[in-house]
Q: 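Quick one: the structure is below, questions incoming.
Chain identifiers are assigned alphabetically (A, B, ...) following the order of the sequence lines, protein sequences preceding nucleic acid strands; residue numbering begins at 1 within each chain. Keep in mind that what you see is a predicted model, and the values were worked out from it rather than measured.
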Amino acid sequence: MDTQKTNSFSVQKMIQEKKKRKSAGGITEKIMPYILFLTAAVSVLTTIGIVLTLIFETFLFFDAVSIKEFFTAKKWYPFSETNGSFGILPLIMGTLKVTVIAAIVAVPIGLASAIYLSEYASDRARRIIKPILEVLAGIPTIVYGFFALTFVTPILREIIPSLEIFNALSPGIVIGIMITPMIASLSEDAMTSVPNAMREGALALGATKFEVAIKVVLPAAISGIVASIVLGISRAIGETMIVAVAGGSTPNLEWNLTGSIQTMTAYIVQVSQGDAGYGTTIYYSIYAVGMTLFVFTLVMNLLAQYITRRFREEY
Amino acid sequence: MKLINHESVVKRMKPRLSKNSISKWIFFALTMFVLLILGVLLYRIFSQGLGYLDLQFLQSLPSRKPENAGVYAALIGTIWLMAVVTPVSLLLGVGTAIYLEEYAKDNAITNFIKVNISNLAGVPSIVFGLLGLTIFVRALALGTSVLAAGLTMSLLVLPVIIVASQEAIRAVPNQLREASFGLGATKWQTIVRIVLPAAIPGILTGGILALSRAIGETAPLVVLGMPLFLAFLPKTLLDSMTVLPLQIYNWTGRPQVEFHALAAAGIIVLLVMLIIMNSIAVLIRNKFQKRY
């Protein structure tokens with residue numbers, strides 16, 4: 001049998017077969033880059049889709065409501081049939097309040113943790129603390145929302161009796177807690193990348209560890225730190241579930257923090273949950289609000305990228 | 001005559017040194033504060049929810065009576081969601097990563113794709129919900145189906161998978177590729193048989209992390225109009241469904257304390273799922289990570 005097989009063995013046939021296989025492989029070889037390019041195009045199409053969707057539906061919204069009213073009217077009162085008012089300022093105000101509170105909570109704590117982790121902590125402490133921070137960053141936002149409503153709000157109401165059940169303070173604090181790990185770990189990355197020679201130089205001149213951290217490491221890492229804060233704030237602006245659960249649904253332009261508010265994100269959630277019919281002004285209004293939100297976060301993200309690129313110190 | 005006045009040195013150093021030690025404790029205390037909050041959060045949720053967490057809770061459909069309610073529909077819905085998100089986001093994400101790392105030329109288009117991906121990662125999740133509502137729910141008329149939810153979530157987590165896969169592919173040393181070329185392999189053969197197997201632990205780790213983000217997200221699904229309360233299970237990709245975070249949201253929004261306890265129990269189920277997935281990711285990372 002074996003000899004027969006070797007007898008029928010023909011080099012010419014082999015070459016032909018090899019050629020056939022090669023041309024088949026050649027096709028895969030040629031089309032694969034294009035197929036992969038198409039998958040890469042999906043992410044671009046997603047962005048284009050987001051932008052176009054928001055723009056088109058926002059235009060439809062502006063057919064019913066004037067741009068001037070949208071940006072200058074002082075009332076957001078969309079659910080009234082007769083005298084509805086679509087002024088986005090109250091919603092922006094709600095978002096702003098929550099974001100500022102979140103920043104007041106997150107920036108000092110996040111920076112302190114970053115300084116502790118990069119300048120003071122032993123290797124062992126760092127190995128324990130960093131994963132815990134990652135856990136904190138991975139907790140779904142609905143869990144934070146539940147925590148804000150059922151734990152933080154009742155405690156705050158003990159301290160501030162005039163606090164309403166839905167308020168700006170509680171979700172603001174909890175969003176601050178949520179973005180703290182992000183600010184901490186990004187700032188820590190920036191600070192650990194400051195070369196040790198700089199620390200040693202300052203220590204040799206007689207600086208204390210605290211002075212090294214504040215006067216040498218912090219300024220050297222400032223671009224990364226500021227970028228991390230800007231990114232954190234951008235996250236706070238776009239945060240939805242915490243404010244939807246604990247913030248309430250009363251858009252207003254007042255400065256107080258103890259009353260019910262509504263943020264841009266919470267409004268979109270409120271409308272989506274109700275049954276605003278497709279094609280109504282209320283339906284289109286969520287796109288106009290979404291567009292505003294998108295522009296806010298996009299500006300923040302671009303700013304963060306600009307800061308990292310422009311002010312990065314190379315060592 | 002002494003050149004250094006010892007007393008004045010001590011006098012000047014003292015406030016600096018005390019500032020140093022005080023600040024050290026402040027930094028430490030604030031870091032511990034963050035960890036403490038995590039502890040309080042977990043303690044609160046477990047003490048509230050454990051009472052409701054039993055087999056009946058896992059096997060029951062939602063109900064208006066708290067004692068009969070369960071997460072079965074939401075749990076099955078979450079699994080359906082994972083079944084759509086995993087293949088779609090992995091295919092698109094890994095494909096993009098391979099293109100960018102192995103094929104893309106260093107030109108304006110490539111640069112644009114890269115900038116685009118990093119910006120996409122910063123878009124709030126609720127805006128993805130608006131995209132999904134317009135494209136999948138309305139334009140493609142998928143309705144509030146498993147498919148519409150899955151596709152929206154896939155786009156949401158795409159940047160995470162792309163970045164993780166890119167890093168994994170970049171970490172494969174060039175010698176491996178060159179050796180493969182040297183043996184006569186074509187580019188595609190090298191990618192499929194050499195680069196991808198070497199990069200798979202990193203890709204899987206990123207994929208699992210992305211998936212755990214997808215099953216914890218609530219906002220986009222609310223915007224799609226997914227039902228918060230559903231007493232039947234999806235049978236096909238075009239059926240409606242609810243998922244764990246939506247069910248938790250629904251229970252949290254009710255005024256009765258019993259429903260808050262149910263929400264806490266639902267959160268425990270969700271957190272356990274996330275912990276299991278993250279442990280698998282860490283395990284893969286530790287077990288298969290090769291150092292070249």
Q: Under a 3.5 Å distance rule, please check whether B:Asn119 uses its side chain to pair with a backbone N or O of A:Leu302 as donor and acceptor.
A: no
Q: Between chain B and each of A:Gly110, A:Gly238, A:Ser113, count heavy-atom pairs under 4.5 Å; write down the option with the most.
A: A:Ser113
Q: Could you give the distance from CG (B:Leu133) to OG (A:Ser272), rounded to the nearest 0.5 Å?
A: 7.0 Å
Q: In terms of heavy-atom pairs under 4.5 Å, which option from A:Ile50, A:Ile35, A:Thr265, A:Thr141 contacts chain B the most?
A: A:Ile50
Q: What is the minimum heavy-atom distance between A:Ser43 and B:Ile162, and which atoms define it?
A: CB-CD1, 4.4 Å
Q: Compare all side-chain heavy atoms of B:Ile45 with those of A:Phe146 and state whether any distance is below 4.5 angstrom.
A: yes
Q: Evaluate B:Thr218 against A:Thr240 for side chain to side chain contact (heavy atoms under 4.5 Å, CB included), listing each step before the verdict.
A: CA-CA 9 Å; B:Thr218 323; A:Thr240 310; over 6 Å; no
Q: What part of B:Met32 is in contact with chain A, defined as an atom under 4.5 angstrom from a non-hydrogen atom: side chain, backbone, both or neither?
A: side chain
Q: For a 4.5 angstrom cut-off between non-hydrogen side-chain atoms, does B:Phe112 reach A:Thr47?
A: no
Q: Below 4.5 Å from any heavy atom of chain B, which atoms of A:Glu134 appear? Answer side chain, backbone, both or neither.
A: neither
Q: In terms of heavy-atom pairs under 4.5 Å, which option from B:Asn278, B:Val40, B:Leu100 contacts chain A the most?
A: B:Val40
Q: Indicate yes or no: at least one non-hydrogen side-chain atom of A:Thr39 is less than 4.5 angstrom from one of B:Leu91.
A: no
Q: Walk me through it: do B:Leu38 and A:Leu133 pass the test side chain to side chain contact (heavy atoms under 4.5 Å, CB included)?
A: CA-CA 9 Å; B:Leu38 178 69; A:Leu133 285 182; over 6 Å; no
Q: Relative to chain B, which segment of A:Ile132 carries a heavy atom at a distance below 4.5 Å: side chain, backbone, both, or neither?
A: both
Q: Nearest 0.5 Å, please: how far is CE in A:Met241 from CD1 in B:Ile248?
A: 10.0 Å
Q: Which bit of A:Thr208 is near chain B, if near means a heavy-atom gap under 4.5 Å: side chain, backbone, both or neither?
A: both
Q: Taking side chain as C-beta onward, heavy atoms only, is A:Gln305 less than 4.5 Å from B:Ser118?
A: yes
Q: Under 30°, 30 to 60°, or over 60°: which ring-plane class applies to A:Tyr120 and B:Phe27, parallel, tilted or perpendicular?
A: tilted
Q: May I ask you to check whether over 12 heavy atoms, not counting those of B:Arg12, lie within 6.0 Å of atom CZ?
A: no
Q: Under 3.5 Å, side chain of B:Asn20 to main-chain N/O of A:Phe210, donor-acceptor pair present?
A: yes
Q: With only heavy atoms counted, which part of A:Glu239 is less than 4.5 Å from chain B, the side chain, the backbone, both or neither?
A: neither
Q: Nearest 0.5 angstrom please: B:Lys19 NZ to A:Ile214 CD1, how far?
A: 9.5 Å
Q: Under 6.0 Å from the CD1 atom of A:Ile128, do we count more than 12 heavy atoms belonging to anything else shown?
A: yes
Q: Against chain A, work out which of B:Leu42, B:Ile22, B:Thr252 has the most heavy-atom pairs shorter than 4.5 Å and name it.
A: B:Thr252
Q: Rounded to the nearest 0.5 Å, how far apart are CZ of A:Phe147 and CD1 of B:Ile37?
A: 6.5 Å
Q: State the CG-CD1 distance between B:Leu30 and A:Ile109, to the nearest 0.5 angstrom.
A: 6.0 Å
Q: Check each atom of A:Tyr283 against the heavy atoms of chain B and say whether the ones under 4.5 Å are side chain, backbone, both or neither.
A: side chain
Q: Within the 4.5 Å heavy-atom criterion, are B:Gln48 and A:Thr150 side-chain neighbours or not?
A: yes
Q: Let's go through A:Phe294 and B:Leu130 carefully: what are the C-alpha distance in whole Å and the side-chain angles of both, what is the deciding distance for side chain to side chain contact (heavy atoms under 4.5 Å, CB included) to 0.1 Å, and is it a yes or a no?
A: CA-CA 11 Å; A:Phe294 178 72; B:Leu130 290 174; over 6 Å; no
Q: In the structure I gave you, are the side-chain heavy atoms of A:Val143 and B:Pro245 within less than 4.5 Å of one another anywhere?
A: no
Q: Please flag which part of B:Ile191 lies under 4.5 Å from any non-hydrogen atom of chain A: side chain, backbone, both or neither.
A: neither
Q: Side chains of A:Leu38 and B:Tyr99, heavy atoms from C-beta outward: is any pair under 4.5 Å?
A: no
Q: Show the nearest heavy-atom pair for residues A:Thr297 and B:Pro124, with the distance to one decimal.
A: OG1-CD, 3.4 Å
Q: When rounded to the nearest 0.5 angstrom, what distance separates CD1 in A:Ile139 from CG in B:Leu270?
A: 10.0 Å
Q: Under 4.5 Å, counting heavy-atom pairs only, tell me which of B:Leu120, B:Leu17, B:Leu155, B:Val115 racks up the most with chain A.
A: B:Leu120
Q: Should we say atom CZ of B:Arg138 is surrounded by more than 12 heavy atoms from elsewhere, each under 6.0 Å from it?
A: yes
Q: What part of B:Ala97 gets within 4.5 angstrom of chain A, counting heavy atoms only: side chain, backbone, both, or neither?
A: neither
Q: If I measure from the heavy atoms of chain A, does B:Ile109 come under 4.5 Å with its side chain, its backbone, both, or neither?
A: side chain
Q: What's the shortest heavy-atom distance between A:Ser234 and B:Gly122, and which atoms?
A: OG-O, 4.3 Å
Q: Side chain from CB out, backbone as N, CA, C, O: work out which of these in B:Arg44 comes under 4.5 Å of a heavy atom of chain A, or both, or neither.
A: side chain
Q: Taking B:Val257, B:Leu271, B:Leu92 one by one, which has the highest count of heavy-atom pairs under 4.5 Å against chain A?
A: B:Leu92
Q: Could you tell me which portion of A:Ile115 (side chain, backbone, both or neither) has an atom closer than 4.5 angstrom to a non-hydrogen atom of chain B?
A: side chain
Q: May I ask you to test the A:Ile177-B:Phe33 pair for a side-chain heavy-atom distance under 4.5 Å?
A: no
Q: With a 4.5 angstrom heavy-atom cut-off, could you sort out which part of A:Tyr144 is near chain B: side chain, backbone, both or neither?
A: side chain
Q: Begin from the C-alpha positions of A:Val42 and B:Thr96 and carry the test side chain to side chain contact (heavy atoms under 4.5 Å, CB included) through to its verdict.
A: CA-CA 9 Å; A:Val42 170; B:Thr96 307; over 6 Å; no
Q: With a 4.5 angstrom heavy-atom cut-off, could you sort out which part of B:Tyr103 is near chain A: side chain, backbone, both or neither?
A: side chain
Q: Which one of B:Ala29, B:Gly266, B:Ala264 has the most heavy-atom pairs closer than 4.5 Å to chain A?
A: B:Ala264
Q: Determine the option with the most heavy-atom pairs under 4.5 angstrom with chain B, choosing from A:Leu136, A:Leu52, A:Leu111.
A: A:Leu136
Q: Select one option (side chain, backbone, both, neither) describing which atoms of A:Pro108 are under 4.5 Å from chain B's heavy atoms.
A: backbone
Q: Check for a donor-acceptor pair, side chain of A:Glu29 on one end and backbone N or O of B:Lys187 on the other, with a separation under 3.5 Å.
A: yes
Q: Between B:Leu41 and chain A, which part of the residue has a heavy atom less than 4.5 Å away: side chain, backbone, both or neither?
A: both
